[in-house]
Structures are given as C-alpha cells and as structure tokens.
Number of protein chains: 2
Amino acid sequence: MTMKGGAASSLARTGTVPRSREIYDALRQKIVSGEWPAGHRLPSEHELARAFGCARMTIGKALGALAEQRLVTRRRRAGTTVNMPRPQESVLEIHDIEAELLAAGIPYAYESLARRIRRATARDAGTLGVSLGTPVLALTGLHRASGRPHALEERLINLRAVPEARTERFRAISPGRWLLQRIPWTEAEHQIGALNADADIARWLAIRRDTACLAIERNTWRDAQRITHVRVIYPCGEHRLVARFRYRPL
Amino acid sequence: MTMKGGAASSLARTGTVPRSREIYDALRQKIVSGEWPAGHRLPSEHELARAFGCARMTIGKALGALAEQRLVTRRRRAGTTVNMPRPQESVLEIHDIEAELLAAGIPYAYESLARRIRRATARDAGTLGVSLGTPVLALTGLHRASGRPHALEERLINLRAVPEARTERFRAISPGRWLLQRIPWTEAEHQIGALNADADIARWLAIRRDTACLAIERNTWRDAQRITHVRVIYPCGEHRLVARFRYRPL
DNA sequence: TTCCGCAATATGTCTAGGCATATTATGATT
DNA sequence: AATCATAATATGCCTAGACATATTGCGGAA
C-alpha cells in the first residue's frame, strides 16, 4: 500500500513494530478485507487480550485507534462493532505553497501591490468578522514562482489582534509567513471555490480574462479572536491542490 | 456545505473529562498562548507526572496527542520541544455531497448520462492507473439538487477490482454510493482544481460556457489495487467546499 | 585536538490490576 | 403482561512499575 501520506508518524520510529500496532493492523485487515462485515461485533477486550497474549490495555489502544479511524464504534457494555464502509468523508492536507515551491527548488518571491490601514468598513467587518471601525490592515500581494505570477493574495489583518503588523511594511516577506512566525493560531476555516478572473486578477496574474481560477479563503482564529482573513487566487493551469488521504498508522 | 468539524469524539463521552484530556488542554494552552514559544523544551514526563499528580503514562498520552497535532516534537533523551507555529498545512474534511444535501433536506437525485464497458485506452490506463486493456467501466452522470443540475461526474471503475459493477446499471443510484456500500477502500488521493466549462459541461450543468468550475478528482485504492477514479465538476456559483480545521480533542 | 565508547536520561511501550460508568439482561413486583 | 430495580458485563480510564531504545554528553585514549 502506497502511503506517501505526509503522515509520517509524528514520531520517527526506527526500532521494532509495537505490539499494539501489530494488533491494530491485524484487526484492521479483518475489517477492510470484509471478513468482519459492517455490524459484526468484535470479541471483547478480554478475549482479544487472551487471543493475542497481551494486556488488556494494549488491546484497548488498538481498538481506540480503530475507533478514531471510524472503522468501529465502541459502546460500553454493548462492545465494539464494525461500522458501515467508510463514509465519503476525507481528511485532506493542503500544503503551504511557498514551502512547496522552495522544496521543489523553484525560486519564490513575494511582491507587495497595495497596503492600507483603515477602520473596518462594513465589508471588512463582514469578511474578517470584527466590529465596524476596528482598525484593519488590508494587503494585496503577488506570489511569484520563477519570476512569473503564481498567485494573488488579498488579506485583511485584525490590528487589534496583531498590533505589530501596523509597522511592518510587507515589502518582500509574505504576510502569511510573517504571521505564522509570530501568531500561533488555534483554529482555521477554509473555503475553496472557483471563479472567473476579472480584469484586475487577469492583469496581475497575466492570464486571459474569465480564466477559471481556484480561490482559497482562510479565516484564522486565535482562541476566540479573529486574526486574519485571506483569499488566495490561483490560475487554473498553474496550480492544483493535491491532497492525500491521511493514513494514520496508529 | 458547512461542516463544522464532524470531529466530535468518535466515542460519545458523557461522563467526566478524562484526566489526560485536562492535561492535554493545559499544555496546549501554554503553547498556543505563547507562554511556551517555539523551541521551548517541556518538562520531562516524570516532572509533569509529579506536577500534575498522575502516572507517567497519563502524561505520555497527553504529550502523544500534542505530538500527533504537531504542536510538539518528541525525541528520546532530547525531550519534548514546542514546534514552530503550525505549518501552513491543514487538514480538511470533505463530506459526502449526497449525504449533506439530504441532511439539509434538499432533494437529491442521480441521473446516468452514459455507461460504457471497454478495455482501458491509454488515457484510461493513465488516469486509473491500470495496465492497458484492463476492462473498465466508464460512467458519466449528473447529480441533481432540487431537480437542478448540481454536479457532473465522470468515473472510471476498474472491473478487475470490482467485477460486480459489470452488471450494475447505475440508472438512479450514484456509483459513489454503490461503491462505498460494497468496497471498503483503504486509501484515497484527491486533487482539487479549477477549469473553464467546455461545451459539454456547460450543457449538462446548464451554465454558460467558460464559467469557472471546481473540479475534484479522487483516486481510490483498496490496498494496492486501484478501485476507481472520479472527477466531479461543480459550477462555481453553486458550490463551495467549506472545510474547517479539524480540532482533535485527544 | 579528535574520535570513540560508556553512562545518564527521556521517551516508547508494555504488564497486571483496579475503579468508574454506561448499557444490557434478568428477575421480582405489581 | 408490563414495569422497574438490580446484577452482570464491556468498555473508559487510570496507576505503578518495568524494560527497551534512542540520543546526548562526557571522559579517556590515540
């Protein structure tokens, strides 16, 4: 099974395979092979512990991982049962474009196109989710790969949450990077959509008008406070979001 | 298509909050609040166990969860250190369209537009990742919401992996559903892109030519075997993929 | 100075047992 | 027969201790 999941275990395991992992794999195999169909009830932890010759907690770990994968449901007293085949719900990973370009050896640059500080307009307040009049920093910038336009970025930063941004020029450093290095965020929401390039977008990205573009919007929170809203626009030919199902080994 | 993290714990917790969860939250708070900046080394498991008044394993559970979240890195002897602010890489959940429409009370229907069995052409072989001449089932269908075209689906099914599909007509049942109910898959890969509607797409989706559309491609494996390749095309106005960063409580 | 081996350390994982809690089955009561 | 209290059961979570293993730092030898 190919699993180039960026999901390399968070811990570089070098030694032997843990027993709980072996058990997890063995049980998982029974399920995905269909030997244990949906609704089938697994043996109890005690029985499995006896069968595998290990402590109950080791079994519990394996079963807990299966439950986290939604392969099984566990209920007290009712036991552990196999779920319906995996729901059509996937975990995707979106990678950082800048990092990816650099990793691929492609020269990357950020260029600021506009920078304005203002009190939040009704529209700003709506997109950024702050109250009217809150000071915000509005940025427009261009990401370049090998010198050519790669993506257009429109960003709003809540200056109440990030006062340091007021004095930063963002001439050549991308605001995303800058923020990441300073503000740990706790939650984010993404929207992915498609849009036809308008005149501005077409000009900056050097594409024809009406070319289909991928638009990714991201809202970022730090606890309850809104940090930033960003919309990044990629021309369709240039970029695809490649995402992989995340294989979680345990 | 809002989907606030379906991330409810896979196990309905009703009782008290587990100690390991409390500890996880406490440590997480230290990190996201910035009190422990990137590079900071956490106290050892022994020290934390003493500080929190619990067994080392309970601490290990909490730290393990932090590591899985990539908030910290753990290395033997070197200890546990806080990572750089979260890399710009996110985990998205894409939910099943059909299920979501139904959940929202919107009538859903699938309509088959084309169905052909053939030996894999060079192009089929490339997209589906099978060898030339392998029998494949090629399907085109339309997803309707409230009777109106919602998405166009182009699918290839590997008949060596799913021989039962040969006799299925797919008149009104969406192949995605059908497959999910039969074939548990073990891995999937997605690509999300944008494209301008060509004449065919425009006709089926009842949109103007060149309208920007969101295209989602998915490849599905069962262990090493390729099951199916599907491309679903949504008109830009109709649909956005909304995804929320997945909060995994532990 | 440089290199190598050894000891100290922190994590990775497991065991055996225990209490808590949710749920089901059972039996007693009306 | 229907209802309700109680016991049995399976999981959820924890403890205390143990051994294994990777990594680091240090001291001695070349």
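Naming convention: chains lettered A, B, ... in sequence-line order (proteins, then strands); numbering from 1 in each chain.
Rounded to an integer number of Å, the gap from CZ of B:Phe52 to P of D:dT15 is 12 Å. One can place NZ of B:Lys61 at 15 Å from C1' of C:dG12, the figure rounded to the nearest angstrom. As rounded to whole Å, 14 Å separates atom P of D:dT23 from atom CZ of B:Arg41. The CD1 atom of B:Ile59 sits 9 Å away from the P atom of D:dT15 (whole-angstrom rounding). For the pair B:Leu66 CG and C:dT11 P, the computed distance is 12 Å after rounding to whole Å. One can place NE2 of A:His46 at 10 Å from C1' of C:dG17, the figure rounded to the nearest angstrom. The CG atom of A:Leu63 sits 13 Å away from the P atom of D:dA10 (whole-angstrom rounding). Rounded to a whole Å, the CZ atom of B:Arg77 is 12 Å from the P atom of D:dT23.
Remark: the A:Arg76 side chain and the D:dT11 base include a donor-acceptor N/O pair separated by less than 3.5 Å.
Proximity note for A:Ala55 (side chain, C-beta onward) versus D:dA16, D:dG12, C:dA16: the nearest is C:dA16. With D:dT15, D:dC14, C:dT11 as the candidates, the nucleotide lying closest to the side chain of B:Glu45 is C:dT11. Comparing D:dA10, D:dT11, D:dC14 by their nearest atom to the side chain of A:Thr80 picks out D:dT11. The A:Met57 side chain lies nearest to C:dT15 when the options are C:dC14, C:dT15, C:dA10. When distances are taken from the side chain of A:Arg75 to each of D:dA22, C:dT24, D:dC13, the shortest belongs to C:dT24.
A:Arg56 comes within 4.0 angstrom of a nucleotide base, judged by non-hydrogen atoms across all strands.
Using modelled atom types, one finds a donor on one side chain and an acceptor on the other under 3.5 Å when comparing B:His143 with B:Tyr108.
Take the nearest nucleotide of DNA chain C for A:Ala78 and for B:Glu47: the residue whose nucleotide is more 5' is B:Glu47. Of the residues near DNA chain D, B:Thr58 and A:Gly79, the one whose nearest nucleotide (by heavy atom distance) lies more toward the 5' end is A:Gly79.
Close to D:dC13, at under 4.0 Å from its OP1 or OP2, lies no side-chain N or O of B:Arg19. In this model, the phosphate group of D:dC14 is approached by a side-chain N or O of B:Ser20 to a distance below 4.0 Å at OP1 or OP2.
Classification of A:Glu45 and A:Arg74 as a salt-bridged pair holds, one side-chain N sitting under 4.0 Å from a carboxylate O.
In summary, of the residues considered (B:Thr58, B:Leu63, B:Leu66), a side-chain contact (heavy atoms from CB on, under 4.5 Å) with B:Ile23 occurs for B:Thr58 alone.
Between A:Trp178 and A:Phe170, the ring planes are perpendicular. Angles over 60° get that label, and only those under 30° would be called parallel.
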Checklist entry - Hey, mind stepping through A:Glu47 and A:Arg50 against salt bridge (Lys or Arg N to Asp or Glu O under 4.0 Å) and telling me if it holds? => result CA-CA 5 Å; A:Glu47 289 176 75; A:Arg50 205 148 23 79; 5.3 Å; no
